[in-house]
2 protein chains.
Amino acid sequence: MADNATGSDSLLFLTDEQLRKGIEAMFFAYRGFTADPDRILEGMDYGRAHHRAIHFIHRAPGMTVSSLLGILGVTKQSLNRVLRTLFDDGLVEARVGKTDKRERRLHLTDKGAALERALSDAQRARMRAAYRAAGPQAVHGFRTVLEAMMDPEMRRQYQGLREDTP
Amino acid sequence: MADNATGSDSLLFLTDEQLRKGIEAMFFAYRGFTADPDRILEGMDYGRAHHRAIHFIHRAPGMTVSSLLGILGVTKQSLNRVLRTLFDDGLVEARVGKTDKRERRLHLTDKGAALERALSDAQRARMRAAYRAAGPQAVHGFRTVLEAMMDPEMRRQYQGLREDTP
DNA sequence: AAACTACGTCAGCCTTGTTGACATTCTAAA
DNA sequence: TTTAGAATGTCAACAAGGCTGACGTAGTTT
């Protein structure tokens with residue numbers, strides 16, 4: 001439990017009203033969270049789904065299609081539609097697995113990495129501004145609560161990603 | 001700025017790596033955030049869009065269509081499709097404005113309030129568990145960072161809603 | 001050889017967003 | 001008192017990005 005620093009561990013932070021505020025904060029903040037990348041993407045032929053794929057391929061290069069599927073939590077048909085355009089446009093390339101040739105190991109091309117940078121620069125800029133305004137203590141709390149909100153399976157994905165090159 | 005409680009206001013919390021963790025935390029946590037209501041809704045003819053409308057009508061009864069439009073940030077055509085089904089199914093009713101008869105003041109019916117309760121009970125349960133696990137300090141930080149992430153306009157919506165009955 | 005796995009693909013459907021155009025009713029201003 | 005504008009509803013068409021179901025092709029494992 002927390003360290004009761006205020007002296008009033010009054011549980012007032014668990015009232016329905018406080019919870020409602022938290023719920024709405026998630027709703028409004030998520031809009032801000034996606035707004036900047038969305039603005040960059042619009043006009044291109046891409047959307048938020050492409051952003052997510054690019055993000056996670058960048059994060060763990062060499063990731064297989066099925067592990068990306070697991071992280072994104074969509075069907076392979078849905079992901080495939082996205083990946084196909086990324087292949088066709090030369091943003092992502094798939095290399096046949098070394099030990100298991102059925103696997104497609106996903107990597108960003110230079111072009112893909114450039115777009116990734118543009119998107120994540122925009123998203124990080126907002127995040128950085130928010131972090132800076134809130135301070136390190138708040139950031140720690142922010143992360144703690146978000147982690148506690150995740151489904152256990154997602155929490156594993158969140159914590160467990162590593163360089164996916166065996 | 002923050003109160004530098006740790007003695008090391010090292011700005012290490014602003015590294016790209018820390019920001020990336022925050023970004024992914026938002027992504028995974030938002031999935032958990034919507035999962036429970038989505039489960040309730042599926043099988044009914046409703047979706048997340050209906051949930052949002054119901055939530056905000058509950059929160060500020062008597063709200064006009066255009067202010068709901070402003071909060072949700074969608075087009076009137078899109079909202080109308082949702083509202084129409086809610087009217088037809090008797091979850092929401094529209095009362096003509098007293099002073100301005102062009103306005104439709106939105107209210108939940110008993111049936112609508114019942115669904116709202118089911119949805120928000122589920123969503124609050126997860127939120128409450130997360131809050132309790134994280135503790136009051138963390139919750140405060142959570143809210144602080146989320147607020148700082150919002151667009152200014154959305155922040156006003158977040159802070160400014162009041163009983164919308166003039 | 002048979003079974004299973006990883007991946008791709010076709011086809012069709014749904015929700016929820018978008019634009020554009022237009023109609024109605026009511027308010028407010030000239 | 002017209003007239004402009006605001007609040008709302010609605011029709012049509014389209015797009016993104018989810019979904020299911022079915023099927024095919026490599027490659028692996030048993």
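Here is the naming used below: chain letters follow the sequence lines, and residue numbers restart at 1 for every chain. Keep in mind that what you see is a predicted model, and the values were worked out from it rather than measured.
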Candidates A:Asp121, A:Leu119, A:Ile54 - the one meeting side-chain contact (heavy atoms from CB on, under 4.5 Å) with A:Pro37:
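Between A:Pro37 and the candidates, side-chain contact (heavy atoms from CB on, under 4.5 Å) is satisfied uniquely by A:Leu119.
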
Which nucleotide in the set D:dA7, C:dG8, D:dT10 lies at the smallest distance from any side-chain heavy atom of B:Asn80?
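Of the options given, the side chain of B:Asn80 lies nearest D:dT10.
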
Determine, using ring centers only, whether A:Phe13 and B:Phe142 are less than 6.0 Å apart.
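Between A:Phe13 and B:Phe142, which both carry aromatic rings, the centre distance is not below 6.0 Å.
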
Is the ring centre of A:Phe56 less than 6.0 Å from the ring centre of B:Phe27?
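Ring centroids of A:Phe56 and B:Phe27 are less than 6.0 Å from each other.
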
Provide, to the nearest angstrom, the distance between the [atom1] atom belonging to [X] and the [atom2] atom belonging to [N].
| X | N | atom1 | atom2 | value |
| --- | --- | --- | --- | --- |
| B:Arg84 | D:dC11 | CZ | C1' | 9 Å |
| A:Leu86 | D:dG17 | CG | P | 10 Å |
| B:Leu106 | D:dA7 | CG | P | 14 Å |
| A:Glu42 | C:dT19 | CD | C1' | 13 Å |
| A:Glu103 | C:dG8 | CD | P | 12 Å |
| A:Leu83 | C:dT9 | CG | P | 10 Å |
| B:His51 | C:dT16 | NE2 | P | 12 Å |
| B:Phe87 | D:dT8 | CZ | P | 10 Å |

Reading nucleotides 18-30 of chain D from 5' to 3' and marking B where a protein heavy atom lies under 4.0 Å of the base, S where only the sugar-phosphate is that close, and - otherwise, the string is BSBBB----BS--

When you measure from the side chain of A:Thr144 to the backbone N and O of A:His140, does any donor-acceptor pair fall under 3.5 Å?
yes

Please confirm whether the backbone N or O of A:Glu147 pairs with a side-chain atom of A:Arg155, one donor and one acceptor, at under 3.5 Å?
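Between the backbone of A:Glu147 and the side chain of A:Arg155 there is a qualifying donor-acceptor contact (under 3.5 Å).
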
Is the shortest side-chain N/O distance from A:His50 to OP1 or OP2 of D:dA16 below 4.0 Å?
no

Give a yes/no answer on whether the side chain of B:Thr64 brings an N or O atom under 4.0 Å of OP1 or OP2 in D:dA7.
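Checking D:dA7 against B:Thr64, no side-chain N or O comes under 4.0 Å of OP1 or OP2.
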
Can you tell me if B:Thr64 and B:Ser67 form a side-chain donor-acceptor pair at under 3.5 Å?
yes

Quick check on salt bridge (Lys or Arg N to Asp or Glu O under 4.0 Å): which of B:Arg39, B:Arg126, B:Arg31 does A:Asp151 satisfy it with?
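So the option named by the test is B:Arg126.
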
